[in-house]
Amino acid sequence: MQTAQIVPFFATLKAANPMPNTELEYTTVFELLAAVLLSAQATDVGVNKATRKLFPVANTPQAILDLGLDGLESYIKTIGLYHSKARHLLETCRRLVERHGGQVPRTREALEDLPGVGRKTANVVLNVAFGEPTMAVDTHIFRVSNRTGLAPGANVLAVEKQLLKRVPPAYAVDSHHWLILLGRYVCQARKPRCWECIVSTYCDYQPKTPAP
């Protein structure tokens with residue numbers, strides 16, 4: 001994708017969806033952190049089904065701790081890798097209570113120090129909760145960035161660095177939402193729906209998938 005095409009690429013996505021947001025359901029910063037932690041290798045739909053039952057009962061670090069491991073697992077057992085995620089979430093809650101007064105920290109270093117919180121999860125929290133122009137590169141963004149030529153890279157960190165360089169500041173905060181949604185619903189892995197894509201004009205992918 002040529003540099004001159006990047007602004008119209010994002011302008012088109014913005015016109016179609018002016019205020020994008022995560023599809024994970026949350027009402028507080030801690031709920032967002034917990035939902036993102038649980039979403040690794042799982043769908044947002046699956047996580048939302050579990051947290052709709054969990055959060056009304058326990059939606060603070062201390063409340064999660066009070067559930068205990070068995071109690072927490074009973075709410076999230078429908079999510080993949082729930083054993084390890086439950087342990088990570090409990091330990092994260094313990095550290096939030098002991099080191100941060102039960103509040104979610106606002107720095108990358110402090111977030112990544114929490115069990116089960118990697119760079120991608122930290123980027124999501126920094127972006128969605130605190131409005132920072134971070135790039136949380138998941139499988140959808142990785143695919144779209146490479147396929148369109150927007151930000152090619154051999155691994156997620158390379159793609160993230162390219163996006164931080166190439167995405168114009170005016171679109172930086174919302175860009176990762178647009179790219180995720182594009183990859184999830186249109187630029188799909190096995191068969192991209194090019195005939196439905198509003199930004200196919202700017203995309204390097206060839207040959208475009210014809211309409212069925």
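At a threshold of 4.5 Å between side-chain heavy atoms, the hydrophobic network of Ile, Leu, Val, Met, Phe, Trp and Tyr places Tyr205 and Val144 in two separate groups. The cluster map of Ile, Leu, Val, Met, Phe, Trp and Tyr, joined by side-chain heavy atoms under 4.5 Å apart, puts Val156 and Leu163 in the same cluster. Under the 4.5 Å side-chain heavy-atom criterion for grouping Ile, Leu, Val, Met, Phe, Trp and Tyr, Val124 is connected to Val29 within one hydrophobic cluster. Note: the hydrophobic cluster containing Ile141 also contains Phe10 (ILVMFWY, side chain heavy atoms under 4.5 Å, direct or indirect links).
Between the Arg166 side chain and the Leu150 main chain, a donor and an acceptor come within less than 3.5 Å of each other. The main-chain N or O of Ala122 is never found under 3.5 Å from a side-chain atom of Arg108 such that the two would form a donor-acceptor pair. Listed for the Arg119 side chain is no donor-acceptor partner under 3.5 Å among the backbone atoms of Val137. Looking at Lys208, its side chain does come within 3.5 Å of a backbone N or O of Cys203 through a donor-acceptor pair. For the pair Arg184 (side chain) and His140 (backbone), a donor-acceptor distance under 3.5 Å is absent. A donor-acceptor distance shorter than 3.5 angstrom exists from the side chain of Asn146 to the backbone of Phe142, with no hydrogens or angles considered. Of the possible polar contacts, none joining the Thr209 side chain to the Lys191 backbone as a donor-acceptor pair under 3.5 Å is found. Judged purely by atom type and a 3.5 angstrom limit, Asn48 uses its side chain to pair as donor or acceptor with the backbone of Glu23. Using a distance-only test at 3.5 Å, with no hydrogens or angles considered, no donor-acceptor pair links the side chain of Lys14 to the main chain of Asp174.
Minimum heavy-atom separation, Leu67 to Leu72: CB-N, 4.0 Å.
Take Pro8 and apply the side-chain contact (heavy atoms from CB on, under 4.5 Å) test, not counting sequence neighbours, and it matches Tyr202.
Within the structure, the side-chain hydrogen bond (donor to acceptor under 3.5 Å, both in side chains) test picks out the following pairs touching residues 52-64 (sequence neighbours left out): Glu25-Arg52, Glu31-Asn59, Gln62-Asp66.
Within 6.0 Å of atom CD in Glu91, more than 12 heavy atoms from other residues, nucleotides or ligands are found, so the atom counts as buried in its surroundings.
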List, one per line, each side-chain donor-acceptor pair under 3.5 Å for residues 73-82, sequence neighbours excluded.
residue, atom, partner, partner atom, Å
Glu73, OE2, His83, ND1, 3.0
Ser74, OG, Gly71, O, 2.6

